[in-house]
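Below is one structure, written out as structure tokens; the observations come after it.
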Amino acid sequence: MPELPEVETIAAGLRQGRAGQPSLIDRRIRQVHLLWERSLAWPSPAEFYDWLPGQVIGDIRRRGKFIVFDLSQHTLLVHLRMSGDLLVEPITAPLAPHHRLVIDLDGDLRLAFNDARKFGRVWLTADPQSVLGSLGPEPLDEAFTAQDLHRMLHAHERQLKPLLLDQSFLAGLGNIYADEALHMARLHPLTISNSLSPEQSQRLWQSIRQVLEEGILRNGASIDWVYRGGDYQHFFKVYQRTGNPCYNCGTPIERLVVGQRSTHYCPNCQPLK
DNA sequence: CACGAGACCTGTTCGC
DNA sequence: TGCGAACAGGTCTCGT
């Protein structure tokens, strides 16, 4: 489900509070309920139950598609994968279906990890690098330049679409924003990475940052029943627009499968050389 | 190294 | 109406 803009929106909501929800910063963890064991990637459930109570939430951040909780002793990391979500609830609320982990906090609040498809994972570790260490650069980082991207693209001989989805190449892009960025950059999803000119790399760099920034501005995209809150879905140019006219040229948007993922593009605006 | 297929899961929508 | 297939915002592992 969530890509960088959705994860950013969720993390910011937990950090700053939103729409009546209070911030979780400085809250102390009271109790933990792990309702689906496989949602916990690390450590063992016994250690998880032992370590968490008493710790205080210092900061809540995003790295790639991970939500990172800096606790007083450890780091709690959450990856929402396809259908995960983090909800703040009154501690008295009835347990919703698909809650996989519930963390009771002071102030009669709880943080709930809800995940219908059970793909999401949680880590609790003193060494967050062991989880985040293989991630590529943050596309919105000031230090990430078009020249960096050009160099990275030329270090591989790969199709652009799967390369952009590779989190060790660049952290945060998913299926929606990869398709949207490629369309904005007028690059075919199957273009080989090391064939890009500096100008094309510059365009791709600009497009990636622009679609992500617009996504964040819109609080992410809400497509089906999973995620609610954002409205970037109303601004898709190609994603899930198969057969509909391209807004640039009127050519019907086409869909193909690349790396087992639906890929949407305009055959006229994004020709394959 | 690059790529495709299968696995992990549940829920919704589509096609007959 | 019913029912199976296709599909969904992700990532890992294995085989070629």
Side-chain angles (χ1 to χ4, degrees), chain A residues 1-11 35-42 62-67 77-86 96-101 113-123 130-136 139 152-182 189-195 208 211-212 214-216 218-243 255-264:
Chain A
M1 154 212 170
E3 307 179 30
L4 188 154
E6 290 77 28
V7 176
E8 177 67 33
T9 301
I10 291 170
L35 307 168
W36 184 255
E37 280 210 1
R38 298 197 57 183
S39 297
L40 180 62
W42 190 264
R62 178 194 60 76
R63 171 74 173 103
K65 299 175 192 171
F66 289 84
I67 297 168
L77 302 119
V78 178
H79 197 303
L80 303 171
R81 294 279 176 92
M82 290 291 263
S83 60
D85 200 359
L86 287 176
H98 313 313
H99 274 15
R100 310 302 179 198
L101 170 67
F113 172 54
N114 186 282
D115 184 20
R117 292 179 70 180
K118 301 177 175 172
F119 288 165
R121 290 292 181 270
V122 173
W123 294 255
S130 65
V131 180
L132 305 175
S134 60
L135 289 179
M152 289 159 55
L153 290 165
H154 279 255
H156 298 274
E157 185 163 356
R158 293 180 60 183
Q159 300 171 335
L160 286 181
K161 174 69 188 285
L163 185 56
L164 291 179
L165 294 181
D166 184 340
Q167 301 299 296
S168 69
F169 179 77
L170 192 62
L173 280 181
N175 211 32
I176 295 175
Y177 295 90
D179 280 5
E180 294 296 324
L182 286 169
L190 299 183
T191 308
I192 301 302
S193 59
N194 63 1
S195 74
I208 289 169
V211 296
L212 291 176
E214 287 179 14
I216 292 172
R218 303 279 172 195
N219 293 320
S222 315
I223 295 180
D224 47 34
W225 84 105
V226 182
Y227 174 83
R228 72 286 159 245
D231 59 358
Y232 187 63
Q233 68 277 13
H234 301 308
F235 301 88
F236 293 165
K237 304 286 200 302
V238 285
Y239 185 77
Q240 288 188 344
R241 292 199 62 246
T242 308
R255 171 185 184 271
L256 57 88
V257 175
V258 188
Q260 301 178 320
R261 310 301 302 279
S262 281
T263 298
H264 314 77

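Proteins come first, then strands; the chains are lettered A, B, ... in the order of their sequence lines, and each starts at number 1.
At a threshold of 4.0 Å, the pair A:Lys161-A:Asp179 counts as salt-bridged, since one of the basic side-chain nitrogens sits closer than that to a carboxylate oxygen.
Between A:Asp231 and A:Asn219 there is no side-chain heavy-atom pair separated by less than 4.5 Å. Within the 4.5 Å cutoff, side-chain heavy atoms of A:Tyr177 are placed close to those of A:Glu6.
The side chain of A:Lys65 sits closest to C:dT11 out of B:dT10, C:dC7, C:dT11. When distances are taken from the side chain of A:His98 to each of C:dC7, B:dT10, B:dC9, the shortest belongs to B:dT10. The side chain of A:Arg117 lies closest to B:dT10, out of B:dT10, C:dT11, B:dA2.
At C:dA8, one or more side-chain N or O atoms of A:Ser262 fall inside 4.0 Å of OP1 or OP2 (strictly under the cut-off). Proximity of A:Lys118 to the phosphate of B:dC8: no side-chain N or O atom is located under 4.0 Å from OP1 or OP2. Here A:His156 does not reach the OP1 or OP2 of B:dC1: none of its side-chain N or O atoms lies under 4.0 Å away. For the pair A:Arg81 and C:dA8, the criterion of a side-chain N or O lying under 4.0 Å from OP1 or OP2 is not met.
A:His99 and A:Asn114 form a side-chain donor-acceptor contact under 3.5 Å, judged by distance and modelled atom types alone.
Distance check on atom C1': C:dG2 versus B:dC9 gives 24 Å, rounded to whole Å. Look at the P atom in both C:dA6 and B:dA5: the space between them is 15 Å, to the nearest Å.
Taking for each of A:Gln260 and A:Trp36 the nucleotide of DNA chain B with the nearest heavy atom, the 5'-most of the two is the partner of A:Gln260. Where A:Gln240 and A:Gly259 meet DNA chain C, the nucleotide closest to each residue was compared, and A:Gln240 sits on the side nearer the 5' end.
Going from atom CG of A:Asp115 over to atom C1' of C:dG10 covers 11 Å, rounded to whole Å. One can place NZ of A:Lys161 at 12 Å from C1' of C:dG10, the figure rounded to the nearest angstrom. As rounded to whole Å, 15 Å separates atom C1' of B:dC3 from atom CG of A:Leu256. The separation between A:Met82 atom CE and C:dT11 atom P is 10 Å, rounded to whole Å. One atom, CD1 of A:Ile223, and another, P of C:dC7, lie 15 Å apart when rounded to the nearest Å. Residue A:Arg38 contributes atom CZ, which lies 14 Å from atom P of B:dA7 at whole-angstrom precision. In this structure, A:Phe113 places its CZ atom 14 Å from P of B:dT10, rounding to the nearest Å. In this structure, A:Leu40 places its CG atom 17 Å from C1' of B:dC8, rounding to the nearest Å.
Within the nucleic acid shown, A:Arg121 has no heavy atom closer than 4.0 Å to any nucleic acid atom.
A cation-pi arrangement, defined by a distance under 6.0 Å to the six-membered ring centre and an angle within 45 degrees of its axis, is absent between A:Arg241 and A:Phe236.
Once the 5.5 Å centre distance and the 30° plane angle are applied, the aromatic ring of A:Phe119 is found not to be stacked with the base of C:dT11.
Using N1 to N3 plus N6-O4 or O6-N4 for Watson-Crick, or N1-O2 and O6-N3 for G-U wobble, each under 3.5 Å, B:dC9 pairs with nothing.
Side chain of A:His79 to backbone of A:Arg81: a donor-acceptor contact under 3.5 angstrom is found.
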